[in-house]
Amino acid sequence: MSMKFAPAHFLISSPTLALCPPSLGLPEFAMVGRSNVGKSSFINALLARKGLAKTSNTPGKTRLINFYHVADALRLVDLPGYGYAKVSKTLQQEWQGHMEQYLLARPNMVLMLIDSRHPPKESDLQMLNWLQHHARPTQLILTKMDKLKAQEQRESLKIASDVLGLPPDAFIPFSAEKGLGVDVVRQRMVSWL
Ligand SMILES: Nc1nc2c(ncn2[C@@H]2O[C@H](COP(=O)(O)OP(=O)(O)OP(=O)(O)O)[C@@H](O)[C@H]2O)c(=O)[nH]1
Ligand SMILES: [Mg+2]
């Protein structure tokens, strides 16, 4: 398929696994990560489409399970963040339940995003352990690298690697702002198929 990941369009928002569209045999890539880590911006960067996925500085922007249909060859799936979304605990737990059901059933690969400016949190460790426990193929991404100086970028990689117990090369450094890592991620996804 074209490495351009185009054309792409928004397909549907599904509240539950049962209401997700049929996969039609297309591979699915799901974004997970804490609220505000940059999942929706990551999708826009991969698709080179500013504003296709709705982003916001207010955590908890993405609700439901959002499907993007890409080049008639694959789908990207934007998920609500875990962590500090500005919504009620009850609602967060409800999302979490639907998200877990979706993650167990469908994606071929999970892209787990972590904000490079902060060490991974307990909730990240839990998510990673959960994905590993269920043997879900996972690619780690360090987001917002443009916010860090070169030295801080290296430190961030080391800290993330230490906290999560993975080698540094398990993480793809990324910036939706600068386009850093876009080609590497696309390559990784295509070679996964
Ligand atoms: N500087 C910089 N800002 C970014 C980058 N990626 C995302 N942001 C900003 O971070 C904020 C959150 O981005 P979103 O893409 O909405 O984050 P999200 O993970 O989808 O958030 P939820 O849907 O609430 O879980 C927005 O203000 C983005 O503009 C990046 O690579 N660099
Ligand atoms: Mg979002």
Side-chain angles (χ1 to χ4, degrees), residues 5 8-15 20 28-68 70 75-100 102-103 107 109-128 130-131 138-150 152-157 160 171-186 188:
F5 279 33
H9 66 265
F10 169 71
L11 199 59
I12 197 169
S13 286
S14 308
C20 286
E28 249 165 59
F29 297 85
M31 316 313 139
V32 304
R34 289 172 60 79
S35 304
N36 204 242
V37 73
K39 299 175 294 298
S40 301
S41 305
F42 176 84
I43 287 181
N44 290 335
L46 285 191
L47 300 180
R49 290 279 302 277
K50 266 200 158 63
L52 183 61
K54 298 291 171 275
T55 67
S56 164
N57 208 17
T58 307
K61 175 67 179 175
T62 306
R63 310 186 169 196
L64 313 175
I65 305 167
N66 299 279
F67 289 81
Y68 296 87
V70 185
R75 278 151 178 197
L76 301 185
V77 181
D78 198 7
L79 294 170
Y82 50 85
Y84 67 118
K86 289 199 169 43
V87 297
S88 74
K89 271 275 171 285
T90 319
L91 197 55
Q92 277 191 54
Q93 277 161 8
E94 206 179 297
W95 287 353
Q96 190 74 21
H98 294 309
M99 212 167 76
E100 285 180 4
Y102 166 78
L103 287 171
M109 181 187 247
V110 175
L111 295 126
M112 180 172 161
L113 279 60
I114 292 176
D115 190 329
S116 64
R117 297 172 300 170
H118 313 288
K121 304 273 197 310
E122 185 58 32
S123 55
D124 293 313
L125 203 49
Q126 281 171 8
M127 176 54 92
L128 184 62
W130 186 87
L131 290 167
T138 302
Q139 173 62 55
L140 277 292
I141 311 283
L142 269 187
T143 64
K144 308 193 186 184
M145 289 295 268
D146 59 282
K147 297 251 196 186
L148 300 182
K149 303 191 183 79
E152 295 170 329
Q153 293 185 0
R154 286 190 289 275
E155 281 165 14
S156 154
L157 205 62
F171 299 83
I172 298 178
F174 195 87
S175 164
E177 196 81 11
K178 301 279 184 225
L180 172 76
V182 167
D183 287 338
V184 179
V185 173
R186 287 181 185 156
R188 187 65 53 89

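First listed ligand is number 1; within each ligand, the first listed atom is number 1. Numbers here simply count residues along the sequence, with the first being 1. Quick note: numbers below take in every heavy atom, side chains included, and nothing from hydrogens, waters or symmetry partners.
Contact between Thr143 and ligand 1 is absent, with no heavy atom of the residue lying under 4.0 Å from the ligand. Under the 4.0 angstrom criterion for non-hydrogen atoms, Gly33 is not in contact with ligand 1.
The backbone N or O of Ala8 sits less than 3.5 Å from a side-chain atom of Arg49, completing a donor-acceptor pair. Counting only distance, with no hydrogens or angles, the side chain of Ser116 and the backbone of Thr143 share a donor-acceptor pair below 3.5 Å. A distance-only check finds a donor-acceptor pair linking the side chain of Lys39 to the backbone of Gly33 [under 3.5 Å]. Proximity of a side-chain donor or acceptor of Gln153 to a complementary backbone N or O of Leu148 within less than 3.5 Å is detected.
Every atom of ligand 1 with a heavy atom of Lys39 under 4.0 Å away is listed here by number and element: 15 (O), 17 (O), 18 (P), 19 (O), 20 (O), 21 (O), 22 (P), 25 (O). The Gly38 neighbourhood of ligand 1 comprises atoms 7 (C), 13 (O), 14 (P), 15 (O), 17 (O), 18 (P), 19 (O), with distances under 4.0 Å to a heavy atom of that residue. Here is the list of ligand 1 atoms found below 4.0 Å of a heavy atom in Asp146: 1 (N), 2 (C), 30 (C), 31 (O), 32 (N). Numbered from 1 in the order shown, with element, the atoms of ligand 1 that lie under 4.0 Å from a heavy atom of Gly81 read 25 (O). Counting atoms of ligand 1 from 1 in the listed order, those under 4.0 Å from a heavy atom of Ser175 are 31 (O).
The Mg ion (ligand 2) has Ser40 OG, Thr62 OG1 as protein N, O or S atoms under 2.8 Å away.
Contact annotation for Ser56 and ligand 1: only backbone heavy atoms (N, CA, C, O) come within less than 4.0 Å of the ligand. In Lys147, the part holding a heavy atom less than 4.0 Å from any atom of ligand 1 is the side chain.
Among all non-hydrogen protein atoms, the one lying nearest atom 8 (N) of ligand 1 is Lys144 CE, 3.7 Å. Closest to atom 21 (O) of ligand 1, if we only count protein heavy atoms, is Asn36 N, 3.0 Å. Atom 15 (O) of ligand 1 has as its closest protein heavy atom Ser41 OG, 2.6 Å. Ala176 N, 2.8 Å is the protein heavy atom nearest to atom 31 (O) of ligand 1.
With contacts defined as side-chain heavy-atom distances shorter than 4.5 Å, the pair Asp115/Arg34 does not qualify. Side-chain contact between Leu128 and Met112 is present, with at least one heavy-atom pair separated by less than 4.5 Å. Side chains of Glu28 and Phe67 form a contact here, defined as non-hydrogen atoms less than 4.5 Å apart. A heavy-atom distance below 4.5 Å is not found between the side chains of Gln126 and Tyr82.
Classified by interplanar angle (parallel below 30°, tilted 30° to 60°, perpendicular above 60°), the ring pair Phe174/Phe42 is tilted.
For Ile65 against His98, the heavy-atom pair with the smallest separation is CD1-O, 4.3 Å. Nearest heavy atoms, Ile43 versus Val77: CD1-C, 4.2 Å.
Scored by the side-chain contact (heavy atoms from CB on, under 4.5 Å) test, Ser40 finds Ala53, Thr55, Thr62, Asp78 as partners (sequence neighbours excluded).
Taking distance alone, with nitrogen or oxygen atoms compared against 3.5 Å, Thr55 stays at or beyond that limit from ligand 1. The distance criterion of under 3.5 Å between nitrogen or oxygen atoms is not met by Pro80 with respect to ligand 1.
No option in Asp183, Val70, Leu76 other than Leu76 meets the side chain to side chain contact (heavy atoms under 4.5 Å, CB included) test with Leu46.
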